[in-house]
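Comments concern the structure below.
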Amino acid sequence: MVTIIHRSLVLLVISALSLPALSADFRVKAGEDVTISQSQTRLQVDQFILEDGATIRFAPGVKRWQVSAAHTEVGENVTIMGTGSAGADGAPGDDAKGQAPECEDGKAGKPGKPGAAGEAAVVIAMNLKISRWGSMTIDTRGGAGGTGGEGGKGQQAGEVDKCSQTRGGPGGAGGDGGDGGNGGNIRIQYSYLPGSQLNSALDNRLTLKNQGGSGGAGGKGGPGGEGTDGHYITMRTLTGSKKWVPGGKEGPEGPDGKAGRTGVDGQLLIEEDLSGLLDQSVQQQSAQVDQIRQQLKQELAKETARMAAEAAQKQQQLQAQKAVLLERLKQAGEGGAGGGAAGTDLHKQMQKLKATQADQAEKIRDLEQQVSELKSLLQKALSQ
């Protein structure tokens, strides 16, 4: 049974920060089978691309593989094989050869050698920003323990003549089975890049196998040594009668070895990077803010230009009206007494124009103040 363990995101970030500097891209082409060497056990790359049917294996001695990628693409039926190697079977015990001397029991066979323990699987830790993801199988099952060696055969019993019955040597004990290797831990921290069109949890696109390896079977006990045939002996009597002497007995079979223990299942953690989601949200909000800022700049610029044009137009209108009245006053002055009534009327119009000018000047000052404020807002917007 696979154990699901929730860990702090901080630990994952610290682990990612411990990786080396950004290096070249890593790509496995379609159908290609690549073996990770000791020099590739810690990868931090810009592009991490595994095409359809790509397979990744690990060289002997690689215990851990760490990958951090800023852009990840995974095709269909991609496989990462990090299983532990099976332990070697134990050698059989030596037989006790030959036959024991007369009237002696046979010697025991040698015990079988224990099976070797299965190798622990590769630990895999990934920190991925994903653009495309098809399907992947990660296999980090522990290696099976080796089978114990069979016990050696016991020695044949010595002949029986003028002695009690002999017995064949016992068979050697079977070797114990090797323990299974531990399953490798799998830890994947991920986030989806903008435009990836992926919205379901990554677990739905992964097949994970990280169980502990099975323990090896115990070796079978060796067979007991053979007995001897019975026979008649001539008694040392006057009649010379014969007596039956039973032969030696067959030796007992050796005990079987113990089975090895099953390895410990690996731990599993598949976690979406919340900080990555936050970064994506901030990027989207920043884009919206930039768009609003640009619209604001355009609107402020249009309004500033409109109000400036309106103030300039009003100023020109007042100047034109003033010029007309001044010309009429000049003409009335040149006309003498006949122009007194007209002059009075012109003076009234001039007074009215001055009042209008004062009112318009106040409005122009208001417009100029608004234009100044809009320019200040526009300047702030442009500086951000």
Side-chain angles (χ1 to χ4, degrees), residues 1-7 15 28 33-38 40-43 50 53-67 77-93 111-126 135-151 172-189 202-203 205-221 254-271:
M1 179 179 180
V2 177
T3 305
I4 307 295
I5 292 185
H6 300 283
R7 295 184 179 177
S15 175
V28 181
D33 198 314
V34 170
T35 299
I36 299 298
S37 65
Q38 288 282 2
Q40 297 173 303
T41 55
R42 301 180 70 192
L43 296 178
L50 307 177
T55 299
I56 291 177
R57 304 181 192 275
F58 299 91
V62 174
K63 303 298 183 184
R64 182 182 181 86
W65 193 41
Q66 292 179 255
V67 179
N77 301 317
V78 172
T79 303
I80 297 177
M81 291 293 296
T83 54
S85 299
D89 293 339
K113 303 296 182 182
E119 184 182 27
V122 177
V123 173
I124 294 177
M126 294 180 164
S135 61
M136 177 186 284
T137 297
I138 301 178
D139 193 343
T140 59
R141 289 175 292 181
T147 301
E150 184 176 346
D176 294 339
D179 295 337
N182 294 337
N185 297 339
I186 299 173
R187 183 181 66 190
I188 301 177
Q189 182 188 16
L202 190 63
D203 310 47
R205 301 169 181 271
L206 279 169
T207 300
L208 304 173
K209 305 174 183 178
N210 64 343
Q211 297 86 355
S214 58
K220 183 175 175 57
D256 293 339
K258 298 177 182 178
R261 294 173 295 182
T262 300
V264 178
D265 292 345
Q267 298 174 351
L268 176 63
L269 175 64
I270 310 297
E271 183 175 52

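Looking at every heavy atom in both residues, Gly212 comes nearest to Thr262 through O-CG2, 4.1 Å. When all heavy atoms of Ile80 and Met126 are compared, the closest pair comes out as CD1-CE, 3.6 Å. Taking every heavy atom of both residues into account, Thr41 and Ile36 meet most closely at N-CG2, 4.5 Å. Minimum interatomic distance between Phe58 and Thr35 (heavy atoms only, all atoms of both residues): C-CG2, 3.7 Å. Across all non-hydrogen atoms, the minimal contact from Asn182 to Val264 is OD1-N, 2.9 Å. Nearest heavy-atom pair across Gly82 and Ala121 is O-CB, 3.2 Å.
Distance check: Ile270 CD1 to Leu268 CG gives 4.5 Å after rounding to the nearest 0.5 Å. Taking CD of Glu119 as the reference point, atom NZ of Lys63 lies at 4.0 Å (rounded to 0.5 Å). Distance check, rounded to the nearest 0.5 Å: CD1 of Ile188 to CE of Met136 gives 7.0 Å. Rounding to the nearest 0.5 Å gives a distance of 8.5 Å between CH2 of Trp65 and CD1 of Ile138. Taking CG from Asn185 and CG from Asp265, the interatomic distance works out to 10.5 Å, rounded to the nearest 0.5 Å. Here the straight-line distance linking atom CG of Asp139 with atom CD1 of Ile56 works out to 13.5 Å at 0.5 Å rounding.
Side-chain atoms of Asp89 come within 3.5 Å of backbone atoms of Thr147 as a donor-acceptor pair (strictly under, hydrogens ignored). In this structure, the side chain of Thr140 does not engage the main chain of Gly183 through any donor-acceptor pair within 3.5 Å.
Between Met81 and Lys209, every side-chain heavy-atom pair lies at or beyond the 4.5 Å cut-off. Residues Gln38 and Val62 meet the side-chain proximity criterion, which asks for heavy atoms closer than 4.5 Å. Residues Val78 and Val28 are not in side-chain contact: their nearest non-hydrogen atoms beyond the backbone lie 4.5 Å or more apart.
Using a cutoff of 4.0 Å between basic side-chain nitrogens and carboxylate oxygens, Lys258 and Asp176 are not scored as salt-bridged.
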